[in-house]
Structures are given as structure tokens and as C-alpha cells.
Amino acid sequence: MGSKPWNGVFRQATDPRVEAFTDSTGFDSRLARQDIQGSIAHAEMLARVGLLTSAECQQIIEGLDSIGREISEGRFVFRPEFEDVHMNIEAALIEKLGDTGRKLHTGRSRNDQVSTDFRLWIRTAIDILNDQLRGLQQAFVDRCEPDMDVMLPGYTHMRRAQPVLAAHYWLAYCEKFERDRQRLADCRRRVNRLPLGTAALAGTSLPIDRDFVANKLGFDGLAMNSLDASSDRDFASEFAFCLAMIAEHLSGWAEEWILWSTHEFGFLRLPQAFCTGSSIMPQKINPDVLELIRGKTARVLGNLQALLVLLKGLPLAYNRDYQEDKERVFDSYDTVVSCLEMATPLVAGVALDRERIEAGLDQGYLDATTLMEYLIRQGVPQRTAHHTVGLLVASAMRQNKTLAELAPAELQAAHPALDQRVQGILGVQQSVEAMQSVGSTGPAQVRGQLAQWHRQLAGGGQKEKK
Ligand code: ARG
């Protein structure tokens, strides 16, 4: 009848095809360290409440530690007939300790065990991602001082709109990745609740001490309803969403830089160490890393979708469907980590082609809005000012001139307020310098923001609230 922990009631051996079908060790062995950590805390608790003697507890801890070493050294063989990481480790313990090993599963179930392991794993994953995102933010911040004198055309609808400081551009991405860090921190609060001790679904009649285990494992508190706790995968879904948002941010950025590094744009030169060549066209230096970051976003979004569909319509409490959650989360995490590993050195290593950017700055009437706002300051209603400048832009386009190159008489004719003073406001430099609203690209605003980012990233914490 085989050696399964649950085979008492069975009168038939498991079909080997079922063993293969239900086996999850191929992926959940990734939870081995967390499983051992959780089991050690659980054993210590059992000893504390008198369900194990301290000698038994000691033996169990030593047994689990040595299994942990076997796993990390690659000497442990996961057996599919034990279904998953949890029963494999328990079976190995029983093999070592006999009856003492058979006591470890007292007052718990794999249902609360797997959720505990997964939460411990995600908690560490969040901390690693937080550090990685901080490193990426630092790479953007480090670009600001050296590029402080550079202005870029800002775009809307992928059309030239208004000029911005390059530093303002770098800091825009800091904000996006800051929100990702905040989302992860918020997700972590809900991840960090201990489900262990809710047992299969109803709790246990044994006198366990859940607070002790929570404390040992560094959880902030307990998941309070056993039916809910054993079936809750909100934490995994939220984490998958956090990862999807990071991937979304990376993908937009990658797309932008693929364009900006083209011959047609010519704003950026990508570090060659992060480009690849063509097997047939000798001249090609391709942005494959950025393309893959953009492309890999698809699987991260797909994983989130798969997870939400997986959880849809599941009745309380535990269902084996949940086993399908882990691969989706692992894949999203691995993908995003690998993308972030590429992004940070790319940001640090990219070169702005200053001459090329500057040579194009007088194209696209980037100062048209500045001229309109000048008229508004002279008391002209916004709609009238907008129309007046629109007519001037149309005329300048016909003459192939910039706004500053229009004849003084034409400007005066368009509106009496447009006298020689407009030469003191036109052009990209003056447009940027005129910006003063909070959060704008005005140099004083950008310097203030940059100082705040320096302080915040040095502290490692999150951005100060204004
Ligand atoms: N491998 C399972 C999972 O990932 C563990 C829990 C199984 N529980 C059960 N009653 N079959 O969800």
C-alpha cells in the first residue's frame, strides 16, 4: 500500500499517473528553506505547550537542520510519491527519527503549512525587490547632477510638447518606482500575517500557541479566521499585481529608450555591453535587452491574469487548485528580478547625445505654451491667447521659422502685448526657467526634488510626505 502519510483509509494504491499529475516538488521545493524554518518554530511551540518533550523538540530541530543542509547541498532526493515539499521533508524526518518525527505534524495541516511557507517566501522576495528598486532609483538620481544643464523635448502623444530638464525626466522614473516600493510595502503588511495553527480549516482542539509561532517567525500578527486563512491567496495576488506594475513601468521605459536610441531619434547611446549584434548584418547594434524587458512584461501580466482566474469561484476553504498559484508567482518574481538586474546598469551606462538633442530643440515650437502664458499674464483670456499663438505657429511653420524669428511687426499685429519683451521669454531655455509650479520642470523645483531624493535614498526609507 505504499508509504503515504494519508494511506490509512485507502484500499487502493495511488495510480502512478496520479502521482505524477499531483506532484508539485518540481517547483515547490523552492519553499524548502521556509518549510524547515516554519517547522522548527512549530516544533518549539509544541514543546512549549507540552505536546513534545524538549528532548523530542531538540531531535526534530536537529533532524530538520540536517535535512536543510542536504537540500542546500543538493544531496536530498525529492520523491514524487510524497507529493510536495512539505511531505517530502516530513517523510525524511520520520525516516531519521521514527515516532518522534511522526509528532511534528501535530496541530497543523499542509493547508496552513503551505500558506505559511509561501508567505515567508514572498516576504523575503519583497525585501529583495525593495532593495533592487532602490538601486534603480539611485541610478536615476545619480544621472541628475551631471545632466543638470541638459534639456529634452517633453512629449505628449509622442509629439514634441514642452521642454523639460533631463533631471526632471530621470526623476519621473524615480517616482514610478517609488510607488512600486510603496505598493510592495503595503502588500507586505498583509503577507506578514501567520496562518499556521488554523490547521485544515477549523483550527485544532489541541492547546497550541499561535502567537508564539508568529513571534518566532517575525509575523506581525495572526490571520484570524481559520476558514479564511487556510484559503486566502489575496497576498499572492497582490504580490503578482505589484510585480505586474513594476513590469509595466519597465516596459514603458524600455519602449521609450528603444525609440530614443534609434538613428532617427538619436537621443541616447546604449552601452554596447547591453546590446547584441546580428548574425547576418555586420553593422547592427541591437537593443535586445530592452526589447526583452518589454517582451517579458507579457508573461508577468499573464501570470497575474492566470492567478486571478485560478482563484475565481473557489468555495471555502482549501482546494487543491491553490497549488497552481506558486509557479505563477515564482515566474513573475524571477522575471522582474532579471529585468531589474538589466535596468540598473543600463540607466547608469547610457549616454545622452547632447549635441543631437540640443540641435533639435528649436524644432516643434516647444515654447508656444510659454508664449501663450505670457499673454495670459498680460491679461489676455486663455482661449484668446491660445488662438493667437496658434495662428502665429501656423504662420511660422509656413515661413519655416521659430517663434523667436518672426518679424516684430507680425508679433505686434497678432497682439499689442507681443512687443520686444517676448525675446526675453521665447526659446527652450527661458521656457524651462519660467516654470515655477510645484512639481514642474523649473530648475528650482527640480533641484528641490533632487535634494529630497538624495536624502531619502541615503536613508534607505521611502520618500518624505510633503
Ligand atoms: N501541495 C499543496 C499546495 O501547494 C499543499 C497542500 C495540500 N493539501 C491537501 N490537503 N492536499 O497547495
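Whatever order the structure lists ligands and atoms in, that order sets their numbers, starting from 1. Just so you know, these numbers come straight off a predicted model, no measurement behind them.
The atoms of ligand 1 that sit less than 4.0 Å from any heavy atom of Arg320 are 11 (N). The ligand atoms of ligand 1 that sit less than 4.0 angstrom from a heavy atom of Ser24 are 1 (N). Near Asp84, the atoms of ligand 1 lying under 4.0 angstrom from a non-hydrogen atom of the residue are 1 (N), 2 (C), 5 (C).
Of the candidates Ile357, Leu366, Leu361, Val428, Leu152 forms a side chain to side chain contact (heavy atoms under 4.5 Å, CB included) with just one, namely Ile357. In summary, of the residues considered (Ile128, Ile126, Ile122, Asp127), a side chain to side chain contact (heavy atoms under 4.5 Å, CB included) with Thr124 occurs for Ile128 alone.
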Identify all side-chain donor-acceptor contacts of residues 280-287 below 3.5 Å with residues at least two apart in sequence or on another chain.
from: Lys284; atom 1: NZ; to: Asn286; atom 2: OD1; distance (Å): 3.3

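In this structure, CZ on Arg108 lies 5.0 Å from NE2 on His42, to the nearest 0.5 angstrom.
Among all non-hydrogen protein atoms, the one lying nearest atom 8 (N) of ligand 1 is Asn111 OD1, 3.0 Å. Of the protein's heavy atoms, Lys326 NZ, 2.8 Å lies nearest to atom 4 (O) of ligand 1. Of all protein heavy atoms, the one closest to atom 7 (C) of ligand 1 is Tyr318 OH, 3.4 Å.
Here ring-ring contact (aromatic ring centres under 6.0 Å, His included) pairs that include residues 296-324, with residues two or more places apart or in two chains, are Tyr318-Tyr322.
Not a single heavy atom of Gln113 sits under 4.0 Å from any atom of ligand 1.
A cation-pi contact, defined as under 6.0 Å to the ring centre and within 45° of the axis, links Arg123 to Phe219.
Looking at Glu83 against ligand 1, nothing comes within 4.0 Å, counting heavy atoms.
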